[in-house]
Amino acid sequence: MYSNEKSRAVLWDVVRFGALSIRSTEDGCWGLSKDYLEHAERIGATGNLPRMTGQLVEELSLSLRVPVPVVIPAVLAGISSGVHLQYVVQCPGHEPMTPALHGLSILKSAEGKSELIDALKQPYVKVMDALRRDQSDATRYEAKLAVWNEQVKAKKQEIRQNVKSPEKITALTDELDILFQSKPQSKQLATNLVVMNVTKEALQFGMFQEGPATTLAHDEASWFFKKFQNNFDPITQGYDGKAFTVRRRSSQSYSVDWQSLCLNLGIQTGRMDRLINTRGLELVESGQMPRMLIGMADESAQIRVGEKAISSDGRSWYFDGMYRLAEAYAMELKASTINRKTLMFDDQAQQQWIATRDWLIIAASERGLLWRIPEFALRCAQHIARVAANLHAHERYTGNLISLETLRQAILAVRDCADSYHMLFGRVHLEENQRDAIPILSFMVHCYNKPTQYQSQFVFDVQFLCRRTWGGQQVRKLDRLMAALTSLADAGILEWSSHMYNGHPVSVQLTRDFRTQFDAAHPKLFRPYWGP
């Protein structure tokens with residue numbers, strides 16, 4: 001558990017950021033200038049992506065009515081499912097690595113997880129279907145195998161009949177060897193570019209039997225976490241591109257030297273909450289969650305509908321580009337000549353990546369901006385390089401050098417995913433009441449920033465919080481709500497009203513100390529002065 005001082009620090013960070021957030025625009029944050037960060041906040045998430053990628057995100061968001069923050073990691077994982085088949089990326093001072101990404105989109109039930117993931121896996125499914133049609137089907141293979149078996153049987157019979165003639169035996173044996181070499185083959189090459197079966201066996205078959213690169217796409221990640229809860233090694237090693245050996249009892253063991261695994265998963269908000277409450281710390285320490293780019297939207301997120309006609313240009317661009325990459329990989333795999341292209345940074349991008357990496361190291365240290373999620377912060381530089389490579393390939397930029405602007409766009413995309421990771425896992429060490437206090441306090445700050453929507457700007461009726469506060473139905477239960485409010489009061493952020501009903505306070509209010517510090521941290525916000 002955190003110390004009391006750190007627990008208070010988590011809650012008081014809402015004073016600085018308005019929520020448990022890492023979206024600071026301070027100069028040098030994420031290795032970027034203050035002007036660049038402020039401009040990025042003004043133009044929004046899709047404006048900070050390259051043209052075709054941003055268009056794809058916007059089209060999927062509008063057509064499926066899914067918030068943009070949730071769409072971005074799914075799109076990046078979908079792109080990497082094709083890019084990792086044909087490319088590797090090299091950072092300054094490091095060996096080339098696979099650009100495979102692990103994406104996790106968090107949505108409420110029936111809000112479009114399946115539709116989002118299905119839309120992004122379509123080009124790979126089409127390639128798989130085309131390959132299956134081109135190869136011999138089971139009936140033709142069985143017929144060929146039957147003919148071959150009869151030929152072998154006849155040749156062996158002929159050898160037995162000429163056992164007393166050494167010259168004939170030699171010739172017949174040579175003919176039998178040639179016949180063995182011509183045995184019909186049934187193996188289908190590269191048909192498991194996308195695996196939809198959440199088992200270790202299915203992944204091994206997809207990654208090793210048919211080719212060292214594959215993607216696991218599934219709209220219910222809770223199954224994934226359940227299946228691999230005791231051993232994430234195949235997943236983490238697929239992300240890292242490390243050699244992996246499959247040991248078998250019934251047949252020969254084998255290994256793959258350059259494997260690559262993408263994940264594109266979706267999960268319901270409630271199931272993710274339960275997962276964090278029961279196994280959050282375990283998932284962080286396993287190393288699996290820090291390897292994931294997570295997308296989630298808070299309850300204030302709005303879906304823009306009806307602003308303009310929904311085009312299909314971004315989806316067509318994505319489908320065509322990913323289909324070509326997958327098809328080229330399948331042909332190379334069939335010919336056993338896989339040659340991945342190496343992407344690197346140009347000189348300016350190298351300097352930017354190094355500056356961002358150095359900032360991340362500091363941010364992961366005690367009291368840095370990312371001090372609660374150091375395990376993710378120390379992987380962010382690698383995430384950024386992978387995202388930049390995927391954006392470069394998806395936009396079909398010429399050459400093998402990633403530009404400064406593409407790298408900066410990748411930094412902002414990873415920052416947005418880090419914000420979601422931070423909201424989910426930045427509190428796994430806290431007690432339940434302290435975890436609950438964070439979304440409640442974020443909601444209060446949201447109300448404080450927009451006083452015209454509410455009767456008061458810093459006084460809150462307890463029953464109003466039960467109905468409206470963020471954090472889900474569990475947090476809105478009165479006993480948990482009161483426990484969370486108590487932790488906020490202990491931290492000096494709230495104070496109770498003097499009016500009581502059935503033993504509970506009727507209202508609470510943000511303390512003067514909290515409001516003073518919050519206003520000092522956000523001097524550009526203007527609000528009328530109501531109350532003491």
Excluding sequence neighbours, so at least two apart, what forms ring pair (Phe, Tyr, Trp, His ring centres under 6.0 Å) with [X]?
{"X": "F228", "result": "F224"}
{"X": "H94", "result": "W353"}
{"X": "F376", "result": "H383, Y421"}

Worksheet item: How would you list all residue pairs meeting salt bridge (Lys or Arg N to Asp or Glu O under 4.0 Å) that involve residues 80-103, not counting sequence neighbours?
Response: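 Matches after skipping sequence neighbours: none remain.
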
Practice prompt. Write out all pairs satisfying salt bridge (Lys or Arg N to Asp or Glu O under 4.0 Å) with one or both partners inside residues 344-365, taking only residues at least two apart or from two chains.
Written response: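 Sorted pair list comes back empty.
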
Item to complete: Please check if any side-chain donor atom of S286 sits under 3.5 Å from a side-chain acceptor atom of E282, or the reverse.
Response: no

Partner set under side chain to side chain contact (heavy atoms under 4.5 Å, CB included) for [X], not counting sequence neighbours:
{"X": "W359", "value": "C29, W30, A363, L369, L370"}
{"X": "R274", "value": "R271"}
{"X": "M196", "value": "K121, V194"}

Practice prompt. Go through the structure and list residues passing side-chain hydrogen bond (donor to acceptor under 3.5 Å, both in side chains) with S81, not counting sequence neighbours.
Written response: T215

Worksheet item: Excluding sequence neighbours, so at least two apart, what forms side-chain hydrogen bond (donor to acceptor under 3.5 Å, both in side chains) with Y36?
Response: E405

Let me check something: any side-chain donor-acceptor pairs from residues 262-269 under 3.5 Å, sequence neighbours excluded? List them with distances.
from, atom 1, to, atom 2, distance (Å)
N264, ND2, A74, O, 3.2
T269, OG1, L107, O, 3.3
T269, OG1, K108, N, 3.4

Discussion item. Minimum heavy-atom separation for I235 and Q288, please, with both atom names.
Written reply: CG2-OE1, 3.1 Å

Got a list of side-chain donor-acceptor pairs under 3.5 Å for residues 410-418, not counting sequence neighbours?
from, atom 1, to, atom 2, distance (Å)
R415, NH1, E41, OE2, 3.2
R415, NH2, E41, OE2, 3.1
D416, OD1, R23, NH1, 2.5

Item to complete: Would you check if the side chain of E395 reaches a backbone N or O of T53 as a donor-acceptor pair within less than 3.5 Å?
Response: yes

